[in-house]
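Along the sequence shown, the residues carry numbers beginning at 1.
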Amino acid sequence: MLDQQEIYNTLVLSRIGFYSLSGFLELYRKIGNATEIMHYSNDIRQLIPDANQRLVDMFKNTDEIKKRVDDEMKWDERYGVQILCMNDERYPQRLRQCDDAPLVLFYRGTANLNHQHVVSVVGTRHCTSYGQDIIRRFMSDLKQMCPEVLIVSGLAYGVDVHAHRQALNNGYETVGVLAHGLDNLYPSAHRNIAKEMLNHGGLLTEYTTMTNADKQNFVRRNRIVAGMADSTILVESAAHGGGLITTRIARDYNRDVFAFPGSVGATYCEGCNNIIRDNEAGLITSAFDFVKAMGWQDEQKIQEARKEGIERQLFPDLTEEEQKIVDTLQKHNDLQINILTVQSGIAIARLTALLFSMEMKGIVKPLPGGIYHLLK
């Protein structure tokens, strides 16, 4: 851990250069620490003889910034916030490699941000039943193959919160990267899961307290989601959206990008299908595809997992009729009950009773309009 003076000076430097990040990051890396830089703040040309006038001016009149940093450090100490400067060993080392990495991060949580494997899961805020099922299966299967993975997302509605929730359900630690300070939570509807994440993962941000969740902050936040992970997975996305911004940033960082394909013409599959088509993401349909592509587990273990039925044999105790329903829904999911009775060959009175039983077992879920959806 760094001494308090270096933390203080790094905070001041990060506030001065918050909107000129790449230049200040280059300066920080060249000099090696913030204290040395701030020592020459009154005449930065002693340290950088060719500094332009704009840079010189940025180091003037920093009294308000220093007062703000004093208040921030007091708040962070009071509420157990870890201030992670770039030279701190706890800082995410994958992110540190990026040209626009934050000089400082604020973190509340228990997870090691330098986990052996880190995966970011992103996508639309309008996550459909299809997307929810993908996340559920992916987390469950991945846990059995790779028990030690840190799951990262943005704690937004849709894919993000489902990724965090399923990570927790499967015993993974999960970190939410925020677009505002740690004194607030947006959206407030996710406060309960955020509290759970503090003990099984954490909340991370580059923003100081009293920073609102403004629109531009979310785009800037996405580079942290992409940069601190080995790979980024896009679950569902429309033709344009924040998830696609994150995958583009991940590619720029030379990170692996994957996407789950979806139905042609489906609104929230269009973005995934497009980046797969354009060779901007690898196509995956399961955790097995992902693990194999990443080289995280050898082929023999993958084959053993397949034999144990982790991938698709999720309902080992089905009756013959229940299995027929499952087989039908696996081919054509989200079927209206009248169509399901025709395709399965089961009389509708009997089918209704079977579907109710399967709903109680967590195998199917009824949707509006008499439609039934296979959950796993």
Test question: given the 4.5 Å side-chain rule for I, L, V, M, F, W and Y, name all other residues clustered with I249, or answer none. V219, I245, Y253

Tell me yes or no: between the side chains of [X] and [Y], is some donor less than 3.5 Å from an acceptor?
X	Y	value
T209	R68	yes
N87	Y28	yes
R94	N114	no

Residues which pass ring pair (Phe, Tyr, Trp, His ring centres under 6.0 Å) with [X], listed by chain and number, not counting sequence neighbours:
X	answer
F290	F138, F258, W296
Y79	W75
Y91	none
H180	none

Could you check whether R136 pairs with D133 (Lys NZ or Arg NE/NH1/NH2 to Asp/Glu carboxylate O, under 4.0 Å)? yes

Salt-bridge criterion met for R15 and E72 (N-O under 4.0 Å): no

With sequence neighbours excluded, what pairs up with [X] under the side chain to side chain contact (heavy atoms under 4.5 Å, CB included) test?
X	answer
H200	L168, E196
T211	Y207, T208, N217
T246	V122, N222, V225, A226, T232
N199	none

Output all residues satisfying salt bridge (Lys or Arg N to Asp or Glu O under 4.0 Å) with [X], sequence neighbours left out; order by chain, then residue number.
X	value
K331	none
R165	none
R350	E321

Heavy-atom check, side chain of Y186 versus side chain of N212, under 4.5 Å: no

Neighbour count >12 (heavy atoms, 6.0 Å) for atom CD, Q5: yes

Main-chain N/O of I348 paired to T352 side chain as donor or acceptor, under 3.5 Å: yes

